[in-house]
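As a basis for the values below, the full set of heavy atoms in this structure was taken, side chains included, without hydrogen atoms, waters or symmetry mates. Every chain is numbered from 1, with letters handed out A, B, ... down the list of sequences.
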Amino acid sequence: MATIKAVRGTRDLLPPDTILWNRVEATARSVFARYGFGEIRTPVFEATELFARGVGEETDIVSKEMYTWEDRGRAESDRGQSLTLRPENTAGVVRAYIEHGMADNGMLEKLFYIGPQFRRERPQRGRYRQFWQIGAEVLGPPWSGSDSALRDAEVLEMLATLLNELGIEGWRLALNSVGSAEDRKRYSVALREALEPVKHNLCEDNQRRAETNPLRVLDSKDPGDQEIINGLPKISEFWSEDSRTHFDQVKAALDACNVPYVEDPRLVRGLDYYTRTTFEFTVPDGSGLGTQNALLGGGRYDGLSEMLGGPKAPGIGFAIGEDRLILTLQAQAKEAEPAKLDAFVAPMGVGQNAAALKLAQELRRAGLGVEVGDGSWRLKKSFETADKLARKMIIVGEDELASDVFTVKDFSKGEQLKVSRTELLETLQRPSLSTSSVAVRKKSNIERLAEASVIKPDDLSKHDQAILENLSDSEVQTLIQLRQKLGKEKASSDIWHPGLDINL
RNA sequence: GCGGCUAUAGUUCAGUGGCAGAACGCCGCUCUGUGGCAGCGGAUGUCGUGGGUUCGAAACCCACUAGCCGCCCCA
């Protein structure tokens, strides 16, 4: 039977990767909290109309990348309603902001979200059809100061802090202003005019853009078109006095906070709602993203609330591509080793299984991370499994249960000691076994052989024979010296060593 | 959506038309309460799916699916 697999562009996130995901999200929550942001969770699907009006009918996202379907409710009201899996989260946040009258308290709202988004694109590394974004929005009525350049700089400074705390290396902040909605409109017209006489010289993609979205011609990567693009009017020539002042204030505040940035006059964001400040954080080549090197993007959206039928509520926000952030952290080798459990409880036989589970229960209740083995395993398997999973192993056999004294192995030190039941918890909570306790170091194979009465093939197990056969010359010397020290050797011929093919 | 590369064991991969392979990992034994090393043994599998060519296909051809790379776009 054909197995069912995750659909194209979606994927499962498994341990140990999820450790990193949780660390990233915990770090983000911690940083956001320090800047006064509260979490918002909006539905993963919304009325299609929201994205058409908010993101822009002409954008690629809305025109060809949305997962859209017609609802089939019983009620007349929802039958046939067009619904869409959210391709981004800003429109949903602003919709909720309007719907819950959050503008009415006159305060600045600072909201963050962490959640999956959906776009039907061709999957690639760092680009998935279900992908995760960590984003935040600052918005409010004009009198709350929501359109102040201070907020732009605060958001950018917060992002710099977040990336630094996560340990992202070599990030680069590209900054631009696309001007007010009016500036942008005038610029768009001017671009169209400037492109008209030359656009037949552009590549096919750019000819199309010249018609549909002339701003996007600016960040084309086509090398043949660069000369024409360089000759086009600059957005800065179309900034109003307010737009220019606002941008200067953002830059001044970033300078004051020592947040490095690079002005990029060609940085125009694809979504229709952006006004004035736009920005993008990228990472250098070799950070695991290939050409998809944008980690996050965002900007100001002073008119979005009104576009969605709400009150005047300027805002600024960003979305971090969490999948890309994770890839970058992994490529930059920041992946944490999976944390080991505190203890592994190893029952010696199935008869000790119940007692072992009970001991694990007590330790877990005391807050320790504990895994339990199985009495049907050989001790060797318990050791191997325990060493992979935990820092220490407790042997639970008949002797231990009878005497209430347990054998505890510390893998980090190779030490082993006997601990009474009452001391057990304390012993396990210590980072490593105390030196004040009587530590019993495991005997090496050589030491064990040194204590054997006679070393002759007939008297040795196959295991010991194999060990002997594989001793290096220096190990053989050590063995002989040990035996002489122990007074075992009357004659050196008591040691048989096949590797040297002599009687020593 | 467009162009290209790839798909074989749990993993990484070899295998250019003639018995399905290696390494690592896994399991067992040597070794019944002291592991990690070593030796020996074992299981890995619809060779992505479906069709075609051929006496014979993992290999050649076609389609599909998925991943990756670039473009488009974007996080």
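- Within the nucleic acid shown, Tyr128(A) comes within 4.0 Å of at least one base atom, counting heavy atoms only.
- For Glu384(A), counting side-chain heavy atoms from C-beta on, the closest listed nucleotide (rG36(B), rG67(B), rU34(B)) is rG36(B).
- The phosphate of rG67(B) (OP1 or OP2) has a side-chain N or O of Arg8(A) nearer than 4.0 angstrom.
- OP1 or OP2 of rC74(B) lies within a sub-4.0 Å distance of a side-chain N or O belonging to Arg216(A).
- Between rG70(B) and Gln124(A), a contact under 4.0 Å exists linking OP1 or OP2 to a side-chain N or O.
- Look at rA23(B): its Watson-Crick or wobble partner, with both distances under 3.5 angstrom, is rU11(B).
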Sort me out a list of protein N/O and nucleotides 2-5 of chain B N/O pairs below 3.5 Å, or just none if empty.
| from | atom 1 | to | atom 2 | distance (Å) |
| --- | --- | --- | --- | --- |
| rC2(B) | N4 | Arg122(A) | NH1 | 3.4 |

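- Residue contacts for Thr385(A): at a heavy-atom cut-off of 4.0 Å it reaches no nucleic acid atom on any strand shown.
- Of the candidate nucleotides rA75(B), rG36(B), rC74(B), rA75(B) has the atom lying nearest to any side-chain atom of Ala319(A).
- Nucleic acid contact for Ile134(A): none, since no nucleic acid atom lies under 4.0 Å from a heavy atom of the residue.
- When both pairing distances are held under 3.5 Å, rA58(B) makes no Watson-Crick or G-U pair with any nucleotide shown.
- Taking atom NZ of residue Lys381(A) and atom C1' of nucleotide rC27(B), one finds them 8 Å apart after rounding to whole Å.
- Listed pair Arg324(A) / rA75(B) fails the phosphate criterion, with no side-chain N or O lying under 4.0 Å from OP1 or OP2.
- At a threshold of 4.5 Å between non-hydrogen side-chain atoms, the residues Thr42(A) and Ile40(A) count as touching.
- By the neighbour-count criterion of 12 heavy atoms within 6.0 Å, atom CG of Asn230(A) is densely surrounded, having more than that number from other residues, nucleotides or ligands.
- Side chain of Arg119(A), nearest nucleotide from rU34(B), rA75(B), rC31(B): rA75(B).
- If you check every strand for non-hydrogen atoms under 4.0 Å, Glu398(A) touches a base.
- When Watson-Crick and G-U wobble pairs are counted only if both distances are under 3.5 Å, rU16(B) pairs with no nucleotide at all.
- A 3.5 Å limit on both hydrogen-bonding distances identifies rC71(B) as the Watson-Crick or G-U partner of rG1(B).
- In this model, the phosphate group of rC72(B) is not approached by any side-chain N or O of Arg120(A) to a distance below 4.0 Å at OP1 or OP2.
- In this entry rC64(B) has rG48(B) as its Watson-Crick or G-U wobble partner, both defining distances falling under 3.5 Å.
- Counting non-hydrogen atoms under 4.0 angstrom, Gly297(A) reaches the backbone sugars and phosphates but no base.
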